[in-house]
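I have placed the structure first, in the form of structure tokens, so that the comments after it can refer back to it.
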There are 2 protein chains.
Amino acid sequence: MKAASETENSKIEPTKSELEILQVLWEYGPSSVRFVNDKLNERREINYTSTLKLMQIMAEKKILKRDESAVKHIYHVTENEEKTKHHLLKKFVDAMYNGSASKLVVQLLGNGSTTKEDVEEIRNLLNKINEE
Amino acid sequence: MKAASETENSKIEPTKSELEILQVLWEYGPSSVRFVNDKLNERREINYTSTLKLMQIMAEKKILKRDESAVKHIYHVTENEEKTKHHLLKKFVDAMYNGSASKLVVQLLGNGSTTKEDVEEIRNLLNKINEE
DNA sequence: TGTTTCGTACGAAAAAATTCCTACATTAGA
DNA sequence: TCTAATGTAGGAATTTTTTCGTACGAAACA
């Protein structure tokens, strides 16, 4: 029974910069600091040691775990991506739409931020759910 | 032509605490500091002058505007609620789902965070869109 | 009218988050 | 082997955000 530790971990609340790093790791999988820093620098200027420090802190907080077997440490995200995203999404829905998912979708569909493809995909998804 | 000032304003990026205040103002409309502070204190302890300061700062940043005609100042949100929420939602989708709205909906529907009613409402919404 | 309550203004302290400097070890290449 | 490049560690400086203390004016009211 490891329910306790799981609920503890799911309380991840990454800061803005931490989220940037998570995004890289989610997209590219376990990476070195160098790699992450390069990716970040595609978007904005940030010193190597800053990224290092940040990732070290995230490792302390158990958001990341690192493989120290090689000199060049490799970091990976501890928590399951979907789980974390779901958690953050829920927080967002609670804060912005009083917990109402449909309100969010209304907003999503209601103004230009969705493409026709998006709408189609969502419709298909709903149909699938219906069949169950 | 006031397009310029409008786009400027839409770059609102409220901090965590600022968002708490926005939530109160969105829900209850223009309010005094006292009222907002009371609402906040239903959730967590926060000193009156802290809330005051925060709202003053938000007024400086033009997130809020205040009516000083009475001694007790009344604050209201400058920017349209929907517009701001849309902006924040877009940022969220970009950061978390690479800009893909349908991915977000997948997640929303994919795990217990939606009720049957939510799903129904979303379906109706889609049907409406279809008819157009 | 005197006192208490409630309001704003302002500045500073505290806390949180971000950034980077410096030191030193290891590795790669000339 | 010497040098340059690349890596981590750790602390400190900086910036941003949050919190609150103090001062003081206006209003309520006994």
Side-chain angles (χ1 to χ4, degrees), chain A residues 11-25 28 30-78 84 88 91-92 95, chain B residues 11-25 28 30-78 84 88 91-92 95:
Chain A
K11 286 188 185 172
I12 288 173
E13 300 213 3
T15 66
K16 235 178 181 173
S17 315
E18 287 175 348
L19 194 56
E20 284 185 316
I21 289 173
L22 285 180
Q23 284 168 50
V24 174
L25 293 176
Y28 298 97
S31 313
S32 66
V33 175
R34 173 65 57 192
F35 180 85
V36 172
N37 185 246
D38 286 349
K39 285 298 165 192
L40 293 186
N41 271 279
E42 289 174 8
R43 313 186 111 267
R44 69 188 178 100
E45 199 174 316
I46 169 103
N47 191 296
Y48 175 85
T49 55
S50 302
T51 304
L52 171 66
K53 182 63 158 194
L54 218 24
M55 291 175 74
Q56 284 172 339
I57 290 173
M58 291 171 79
E60 270 177 34
K61 290 193 196 170
K62 314 276 183 166
I63 297 178
L64 304 183
K65 201 163 186 315
R66 71 178 174 185
D67 176 358
E68 308 179 8
S69 62
V71 177
K72 197 177 209 167
H73 298 172
I74 300 296
Y75 291 75
H76 68 269
V77 184
T78 312
T84 301
L88 295 175
K91 268 191 40 188
F92 188 81
Chain B
K11 285 188 187 173
I12 288 173
E13 300 213 2
T15 66
K16 235 176 179 175
S17 315
E18 287 175 349
L19 194 55
E20 284 184 316
I21 288 174
L22 285 180
Q23 284 168 49
V24 174
L25 293 175
Y28 298 97
S31 312
S32 66
V33 175
R34 174 64 57 193
F35 180 83
V36 172
N37 185 246
D38 286 348
K39 285 298 166 191
L40 293 187
N41 272 279
E42 289 174 9
R43 313 185 111 267
R44 68 187 179 100
E45 199 173 315
I46 169 102
N47 191 296
Y48 175 85
T49 56
S50 302
T51 304
L52 170 65
K53 181 65 160 192
L54 218 24
M55 291 175 74
Q56 285 172 339
I57 291 173
M58 291 172 79
E60 270 177 34
K61 292 192 197 171
K62 315 274 184 169
I63 297 178
L64 303 184
K65 200 164 188 313
R66 70 177 174 186
D67 175 358
E68 309 180 7
S69 63
V71 179
K72 196 178 211 167
H73 299 172
I74 299 296
Y75 291 74
H76 68 268
V77 183
T78 312
T84 301
L88 295 176
K91 267 191 38 185
F92 188 81

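Every chain is numbered from 1 and lettered A, B, ... according to where its sequence line falls, protein lines coming before strand lines.
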Rounded to whole Å, CD1 of I57(B) lies from P of dT17(D) at a distance of 10 Å
Please write out the pairs of protein N or O atoms and N or O atoms of nucleotides 6-16 of chain C separated by less than 3.5 Å, giving the distance to one decimal.
| residue | atom | partner | partner atom | Å |
| --- | --- | --- | --- | --- |
| dG7(C) | OP1 | K72(B) | NZ | 3.0 |
| dG7(C) | OP2 | R34(B) | NE | 2.5 |
| dG7(C) | OP2 | R34(B) | NH2 | 2.6 |
| dT8(C) | OP1 | H73(B) | N | 3.4 |
| dT8(C) | OP2 | Y48(B) | OH | 2.3 |
| dA9(C) | OP1 | R66(B) | NH2 | 3.2 |
| dA9(C) | OP2 | Q56(B) | NE2 | 2.8 |
| dA9(C) | OP2 | R66(B) | NH1 | 2.8 |
| dA9(C) | OP2 | R66(B) | NH2 | 3.4 |
| dG11(C) | N7 | K53(B) | NZ | 3.0 |
| dG11(C) | O6 | K53(B) | NZ | 3.2 |

**Study point:** Parallel, tilted or perpendicular, as decided by the 30° and 60° cut-offs, for the rings of F92(B) and F92(A)
**Key:** parallel
Here the distance between atom C1' of dA17(C) and atom CD of E13(A), to the nearest Å, is 14 Å
From CG of N37(A) across to P of dT6(D) the rounded distance in Å is 13 Å
Taken to the nearest whole Å, CD/E60(B) to P/dT16(D) is 15 Å
Separation of dT18(C) atom C1' from N41(A) atom CG, nearest Å, is 15 Å
Exactly one of T49(A), T51(A), N47(A) clears side-chain hydrogen bond (donor to acceptor under 3.5 Å, both in side chains) with N37(A), and that residue is T51(A)
- Does CD in E68(B) sit with more than 12 non-hydrogen atoms of other residues, nucleotides or ligands closer than 6.0 Å? yes
### Task
Look at S17(B) and dT18(D) and indicate whether a side-chain polar atom (N or O) is within less than 4.0 Å of OP1 or OP2.
yes
Scan I46(B) against the nucleic acid and name what it touches under 4.0 Å (heavy atoms): base, sugar-phosphate only, or nothing. sugar-phosphate
Across all chains, not counting sequence neighbours, the side chain to side chain contact (heavy atoms under 4.5 Å, CB included) partners of P30(B) are I74(B), H76(B)
Rounded to whole Å, the CD-P distance (E20(A) to dA17(C)) equals 15 Å
- prompt: Considering only heavy atoms from C-beta outward, does the side chain of Q56(A) approach that of H73(A) to under 4.5 Å?
  reply: no
E20(A) meets the side chain to side chain contact (heavy atoms under 4.5 Å, CB included) criterion, sequence neighbours left out, with S17(A), L40(A), R44(A)
(message) For R66(B), is there an ion pair with E60(B) - N to carboxylate O distance below 4.0 angstrom?
(response) no
Separation of dG7(D) atom C1' from D67(A) atom CG, nearest Å, is 15 Å
In whole angstroms, the gap separating C1' of dT18(D) from CD of E18(B) amounts to 10 Å
Inset, instruction - Kindly say if R44(B) contacts the phosphate of dT19(D), meaning a side-chain N or O under 4.0 Å from OP1 or OP2. - result: yes
